[in-house]
4 protein chains.
Amino acid sequence: MAKKKNIIDAVKKIIVRKGIRGITADEIAREAKVAKGTLYLYFKSKEDIFICLLEDFLREGEVLVEKASGERAAAVKKLGNFIKYDLKFYEKNVKVFKTLGTDLGWVSNVLGTEKRKRLMERHFEIIKSVSKIVAAAIKEKSVRKMEPMEGAVVLVSIIHAYVGMRIHGFENTPLHSHAGKILKLYMAGVGR
Amino acid sequence: MAKKKNIIDAVKKIIVRKGIRGITADEIAREAKVAKGTLYLYFKSKEDIFICLLEDFLREGEVLVEKASGERAAAVKKLGNFIKYDLKFYEKNVKVFKTLGTDLGWVSNVLGTEKRKRLMERHFEIIKSVSKIVAAAIKEKSVRKMEPMEGAVVLVSIIHAYVGMRIHGFENTPLHSHAGKILKLYMAGVGR
Amino acid sequence: MAKKKNIIDAVKKIIVRKGIRGITADEIAREAKVAKGTLYLYFKSKEDIFICLLEDFLREGEVLVEKASGERAAAVKKLGNFIKYDLKFYEKNVKVFKTLGTDLGWVSNVLGTEKRKRLMERHFEIIKSVSKIVAAAIKEKSVRKMEPMEGAVVLVSIIHAYVGMRIHGFENTPLHSHAGKILKLYMAGVGR
Amino acid sequence: MAKKKNIIDAVKKIIVRKGIRGITADEIAREAKVAKGTLYLYFKSKEDIFICLLEDFLREGEVLVEKASGERAAAVKKLGNFIKYDLKFYEKNVKVFKTLGTDLGWVSNVLGTEKRKRLMERHFEIIKSVSKIVAAAIKEKSVRKMEPMEGAVVLVSIIHAYVGMRIHGFENTPLHSHAGKILKLYMAGVGR
DNA sequence: AATGAATGAGATTTCATTCAT
DNA sequence: CATGAATGAAATCTCATTCAT
């Protein structure tokens, strides 16, 4: 449904412009060029709009990790690709994440506790998928023995570190150009 | 002023109980056992209460990085200590961060854009302080040549990774018991 | 817009009943039989409602002085007619003015200083229009040489004197029956 | 009691500065350099302060009309003196009346209806006193036969007309310099 | 399906007044 | 007498949601 997308896009634009706080139904309707009542034809509530927006991002995340997992390659190569895909995803939405923050789990602070939990869990699922690649890498002996989930969380955090630098303007080069460096950092650390 | 602390503490308790969203002035007053009007005797607005709360955390962060910096030791040792202090800080407030998230910058999503900027900047200052230790480590040749800020952001992200695991219940051991592991991870990565 | 008028009328009724002080938004909404929120659909603020009410009166005043000015007659005749029209205006709204007072400028004491200034100025414009008729009367030699504005202010004050008497119950006859007397008083004073 | 006067004076200063609307107890206490609680040692309520302020003015008015009445002179002479005294009174307090308006009766719009009535009545008493002089003037045949109260109200209105011009800056000469003109206007009107 | 006027619960904030010190 | 921290009732205004058209 095109209208639904219009509305979500309108919210994104508003978020880019003024952050997520204090967005009103009026504002969304105006930006989406629909009547206020129309919002409620496509969404149960205003909160529901935010949830859909976040779920869209989560879906993209799921797709991207599946893509990396599904490839026929060494686990380390898969990790490298995941990094690249993830960075591309963030780069594409950099303006939104600039006001939203990178950690979809925490973003949901603006939501009620119940809804939030559901989003958080979905978010963990993605990390769990990453952990499976890590587990494979351990099996392949390219990564040392460790709790795979731990390895996944650390990897995602390092990626977020670079997204954060990009977002806050420490870095202006496109994010995915850092993919190789991130993988190396992850594998070998900062020591010499 | 004791009342001021009471109020901040009341807010923390409420955050632990139900997250930061939808906290009302009534609720804070009730929890702090003061009249609603009293809130406005000590704070300019409800938002101001949140800001003070976050600033308290930032202040703790500043202190802790200064402490690590100020020690007479090798830079790598200082980094290790910073990790330890930071983990202790998060451990102490683990319940609050459970609903608040670790990244104080983004938490401020609930605030107006202006105030938020100020908090974010203060947050960066802390990372900048960490970057100075990293720079020292580079000079001491224990860390390879790299942008020190980059090294600092990555370190902080890895710490957050562990805090996140603790918060979400993947891990139940006290956070600072991971300090050594984190330093090792940071220095040598996950590879074998 | 009918609702807007309803609201203004509701305020008038309340003013008649209990004066202008301490009128609440709740009260207006109840009297106008609309929801409280509806007030803010038609007016920016509660103060804005009062301003509109006063502006309505000012508009009536403007119309009435224009009417007198525009007539084809000797200036003194025009002054007589202005007196008559003005008295009719006050008579029509006598209940409201009973609690509001006659001097719209001062009524605005209940408003913020900025808005008040604008209303005052508009009020002066009306007197300025009267002064033009006085100037014409001076030219026609029916009024002796004097500052026309002075003549206008005095005339308006005398009119207010009679409105005041009517309002306070010294006088119960309809105001406009005094028109001739007022003109005579204005022209010839109280001496013999 | 000196404190009481301090407080009243503080209110006057505030009125001069920002009008009568929105004056808070805090503000009065600050301006009077006493604690907020002290206000309630000398006045029953905030409203009571305003009432005292207005009553002070009324008292001055009473005194001044008594003075004029009590003089040994022709009634017309007494009226002239009343005009002069009244103008001096307004001149002395011109800054306050600039924001308060001249008609003490209406000023009390900011007060509750009961208190207001009492002030209004006291205000009428003054006019009644003037009317006695007018009555005398009628007896002395210097004023034509008329309802003395009517004559008094008209006189007072004309005085107010000049005060108004002074207040609004049409006139900058001291008010009492107009006394003669006003008497003449009152006695002989504006006609030639 | 779409609209947008109307709603009213509920949130924030103010401020006159009290009272323990 | 004097203070000023604390109170809490009450006021303004917002905004998600509904529903008749």
Side-chain angles (χ1 to χ4, degrees), chain A residues 1-4 6-7 22-30 32-50 112, chain B residues 1-4 6-7 21-30 32-50, chain C residues 1-4 6-7 21-30 32-50, chain D residues 1-4 6-7 22-30 32-50 112:
Chain A
M1 198 123 279
K3 280 264 168 74
K4 199 161 182 172
N6 279 354
I7 293 168
I23 297 183
T24 67
D26 270 280
E27 211 170 359
I28 297 171
R30 204 182 319 124
K33 294 195 174 83
V34 297
K36 221 190 320 181
T38 306
L39 299 181
Y40 291 84
L41 237 45
Y42 294 94
F43 299 91
K44 279 201 310 291
S45 66
K46 198 185 70 162
E47 193 165 76
D48 190 37
I49 304 180
F50 288 121
Chain B
M1 201 123 277
K3 279 269 165 68
K4 199 162 183 172
N6 281 354
I7 293 168
R21 205 211 44 158
I23 296 183
T24 67
D26 271 282
E27 212 169 359
I28 298 171
R30 203 181 320 124
K33 294 194 174 81
V34 297
K36 224 187 318 179
T38 307
L39 301 182
Y40 293 87
L41 216 57
Y42 293 94
F43 299 92
K44 281 201 305 293
S45 66
K46 197 184 69 161
E47 190 164 79
D48 190 37
I49 303 180
F50 290 121
Chain C
M1 200 123 276
K3 280 271 166 64
K4 199 163 182 172
N6 282 354
I7 293 168
R21 205 211 44 158
I23 296 183
T24 68
D26 272 283
E27 211 169 0
I28 298 171
R30 203 180 321 123
K33 294 195 175 81
V34 297
K36 223 189 318 179
T38 307
L39 300 182
Y40 293 86
L41 215 57
Y42 293 95
F43 299 92
K44 280 200 307 291
S45 66
K46 197 184 69 160
E47 190 164 79
D48 190 37
I49 304 180
F50 289 121
Chain D
M1 198 121 277
K3 279 264 169 73
K4 199 162 182 171
N6 280 354
I7 293 168
I23 296 182
T24 67
D26 270 281
E27 210 170 359
I28 297 171
R30 203 182 321 124
K33 293 195 174 85
V34 297
K36 221 188 325 178
T38 307
L39 300 181
Y40 291 84
L41 236 47
Y42 294 93
F43 298 92
K44 278 201 311 292
S45 67
K46 198 185 71 162
E47 192 165 75
D48 190 38
I49 304 180
F50 288 121

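Not measured: the values here are computed from a predicted model. All chains are named by letter (A, B, ...) in the order of the sequence lines, taking the proteins before the strands, and each is independently numbered beginning at 1. Side-chain atoms are counted along with the backbone in the values below, which use heavy atoms only and exclude waters and symmetry mates.
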What's the [atom1]-[atom2] distance between [X] and [N], to the nearest Å?
X	N	atom1	atom2	answer
A/Ile49	F/dA16	CD1	P	9 Å
D/Lys33	F/dA2	NZ	P	16 Å
B/Ile7	F/dA6	CD1	P	9 Å
A/Arg30	F/dC15	CZ	C1'	13 Å
A/Phe50	F/dC15	CZ	C1'	13 Å
C/Asp48	F/dT14	CG	P	12 Å
D/Lys4	F/dA2	NZ	P	13 Å
A/Ile23	F/dA16	CD1	P	10 Å

On DNA chain E, check which nucleotide each of C/Ala35 and A/Leu41 is closest to and give me the residue with the more 5' one.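 Looking at the nearest nucleotide for each, A/Leu41 comes out on the 5' side.
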
Nearest-nucleotide comparison on DNA chain E, the residue closer to the 5′ end among C/Val34 and A/Lys3: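 Its nearest nucleotide being more 5', the pick is A/Lys3.
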
State the [atom1]-[atom2] distance between [X] and [Y], to the nearest 0.5 angstrom.
X	Y	atom1	atom2	value
C/Lys3	C/Tyr42	NZ	OH	5.0 Å
B/Leu41	B/Lys4	CG	NZ	11.0 Å
C/Ile28	C/Ile49	CD1	CD1	4.0 Å

Are there any protein N/O atoms within less than 3.5 Å of an N/O atom in nucleotides 17-21 of chain F, and if so, which ones and at what distance?
from   : atom 1 : to      : atom 2 : distance (Å)
F/dT17 : OP2    : A/Tyr40 : OH     : 2.9
F/dT17 : OP2    : A/Lys46 : N      : 2.9
F/dT17 : O4     : A/Lys36 : NZ     : 3.0

Represent DNA chain E in dot-bracket notation, 5' to 3'. Only Watson-Crick or G-U wobble pairs with both distances under 3.5 Å count; pseudoknot-style crossings use [ ] and interstrand partners use |. .||||||||||||||||||||

Grab the two heavy atoms, one from C/Asn6 and one from C/Ala32, that are nearest each other, plus how far apart they are.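 Shortest heavy-atom separation between C/Asn6 and C/Ala32 comes out as O-CB, 4.0 Å.
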
Contact summary for D/Ala25 and D/Tyr40, nearest pair of heavy atoms: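 That would be CB-OH, 4.4 Å.
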
Excluding sequence neighbours, so at least two apart, what forms side-chain hydrogen bond (donor to acceptor under 3.5 Å, both in side chains) with D/Lys36?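 With sequence neighbours excluded, D/Lys36 shows a side-chain hydrogen bond (donor to acceptor under 3.5 Å, both in side chains) to D/Asp26, given in chain and number order.
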
When you check the phosphate oxygens OP1 and OP2 of E/dC15, does a side-chain N or O of D/Thr24 lie under 4.0 Å from one of them?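 D/Thr24 to E/dC15 OP1/OP2: no side-chain N or O under 4.0 Å.
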
Using a cut-off of less than 4.0 Å, is there contact between a side-chain N or O of B/Thr38 and OP1 or OP2 of F/dA6?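 So the side-chain polar atoms of B/Thr38 never come under 4.0 Å of the phosphate oxygens OP1 or OP2 of F/dA6.
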
C/Phe50 and C/Ile23: side chain to side chain contact (heavy atoms under 4.5 Å, CB included), yes or no, with the steps? CA-CA 10 Å; C/Phe50 289 121; C/Ile23 296 183; 4.1 Å; yes

Sugar-phosphate, base or nothing in reach of D/Tyr42, heavy atoms under 4.0 Å: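 If one applies the 4.0 Å heavy-atom cut-off, D/Tyr42 turns out to touch the sugar-phosphate alone, with no base involved.
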
Do any pairs count as a salt bridge (charged side-chain N to carboxylate O under 4.0 Å, His left out) and have a residue in residues 40-50 of chain D, sequence neighbours left out, and if so which ones?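 Counting only pairs at least two positions apart or across chains, the salt bridge (charged side-chain N to carboxylate O under 4.0 Å, His left out) contacts touching residues 40-50 of chain D are C/Arg21-D/Glu47.
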
With sequence neighbours left out, what residues match D/Lys33 under side-chain contact (heavy atoms from CB on, under 4.5 Å)?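 D/Lys33 satisfies side-chain contact (heavy atoms from CB on, under 4.5 Å) with no other residue.
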
